[in-house]
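Below is one structure, written out as structure tokens; comments come after it.
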Amino acid sequence: LLAMPHQPAANQITHSNREYRNEKDINPLYSVLNLSYINYVFLEVTGRNDWSSTLPEGNNSYFYPSVSLSFIPTEAFNLGLGWLNFWKVRGAVAGTATDADPYQLDFVYNLGTFGNQQTASLPGTIPPIELQPQFANSYEVGTKVGIFDNRINADFTWYYIKSDNQILSSPIPASSGAHQIKINNGVLENYGWELILDGVVLQNNNFIITTGFNFSRNRNYVVSLGDGAEAIELANIWGLNGPAMVVREGEEYGTIVGYDYIYHDNGQPILNDAGTHYQYTENRVPIGNASPDFLGGWHTRFSYKGFTLRTLIDTKWGGEIYAGSYVIGLQTGQSPETLTERDGGGLPYTDPEGITRNVGVILNGVYADGTPNDKVVHYYHKYLPKAGGWGHFLSTPGIVENTWVKMREISLIYQFPQKLVSKTPVFQDLSISIVGRDLFYIYTTLPDRTNPEGLNGAGNAQGLEWAALPGVRSISFGVTASF
């Protein structure tokens, strides 16, 4: 008897392919006017008009201009300051406009398959009426200074942006036959500043050391959500069982909502009489904000003859995140934080069978009358209720500060001497390099070595993390040549 390896029949293997096609046309008309006066006053005026296919007739043409003016006092006047080499002041006013995504103006069927049969369904969003483009008006002032033979340079910018007529998806009752409706009247305000400092530390015939810093701070507020809902959800984890990112009128953009403790008047969370469970809110409330206090960076360059070493460190300071991987690790015992009581480092606790072990804890909080909790309970009550996703649990324990400092890049480049390259019949210029990117975190506030940049999405979900992949370190070798 000859046994043949099992070969699957052709009809046992199925493949599912999906194809998406979006088409959009934009016809722009752009104009620019540049004027200068004696090389120290500069004026630029621009104007652009777009015609977009994603907006209805009558609203598909929109114009947005800009004006910028700069003045260089060091060129206009003899200031008599030998240490001041360059000074520039500038200001700008600009308008921008954007259209919508394709196929937003009418009900468009969503095609699919079910049971190998073609299906079609209506979208869950009601199309808008007389959709208009989104507009933003920005105002900017700044200055740039160079001192000590331009060995030190500073550039400062302050800006304010007001965005209105925002295209938003506002939730509506499911009894209407849809879940959302497109609206066209949200208003956002955005303001902040940027500072860049560059300097030459050392420079001679063979050796150059330069360094620079950059800092920025931005605040973004939701002025109005129009006539729709008071809050709009941007992203969530575990649906109503976990936290979400929402925008609310009058609040800063980046609000994280979730289930919070119920607090006593003395500010402490309230426990039940047994000291085992916290009381928490029935609905999701604001528990954090993902907006950082500032962003920053530090770059350096060391050059010696043909060698150049560059480094880049950047940081995100402040802001909060819901660390879903962390709270799941607390629930499952995978977090090192749970080892203290599990290894017998807790308080003496006597279980229902009369066995006493050092696995107890006293949960921080008070009873309903404000009396501090003093009951020793099993450590399960400390860690298990902190996990989301499997029911209505507390979200607040997962809110942690998301500050980090990262060695973003180190590169070493060697430029072959021109005398050597010129002797080859092929090359005019030749260099080799080794570059390391995303190398390691110098400092991070997230527990359990969670990837602080492993967010659930690159768009609006900047304050949510769950099951984030580890960061990827890359090292590359390169050769650059010209012929």
Say whether Arg48 and Tyr30, considering side chains only, have a donor N or O and an acceptor N or O under 3.5 Å apart. no

Quick one: list whatever passes side-chain hydrogen bond (donor to acceptor under 3.5 Å, both in side chains) with Thr96, sequence neighbours left out. none

Are Phe307 and Tyr414 an aromatic pair by the rule of ring centers under 6.0 Å? yes

Quick one: does Tyr441's side chain get under 4.5 Å of Glu453's, heavy atoms only? yes

Sorted by chain and number, sequence neighbours left out, side chain to side chain contact (heavy atoms under 4.5 Å, CB included) with Tyr221 holds for Tyr191, Arg219, Glu252

Less than 4.5 Å apart, side chain to side chain, heavy atoms only: is that true for Trp317 and Val405? yes

Any salt bridge (charged side-chain N to carboxylate O under 4.0 Å, His left out) pairs touching residues 432-443, not counting sequence neighbours? Lys406-Asp438, Arg408-Asp438, Glu409-Arg437

With Phe302 via side chain to side chain contact (heavy atoms under 4.5 Å, CB included) - residues at least two apart: Ile209, Thr300, Leu309

Go through Arg301 and Ser303 one step at a time and tell me if the side-chain hydrogen bond (donor to acceptor under 3.5 Å, both in side chains) criterion holds. CA-CA 6 Å; Arg301 178 171 67 96; Ser303 296; 3.1 Å; yes

Regarding Thr210 and Asp198, is there a side-chain donor-to-acceptor distance under 3.5 Å anywhere? no

Looking at residues at least two apart in the chain, or sitting in another chain, which of them share a side chain to side chain contact (heavy atoms under 4.5 Å, CB included) with Phe148? Trp83, Ile152

With sequence neighbours left out, write down each residue that passes salt bridge (charged side-chain N to carboxylate O under 4.0 Å, His left out) with Glu233, or none if nothing qualifies. Arg284

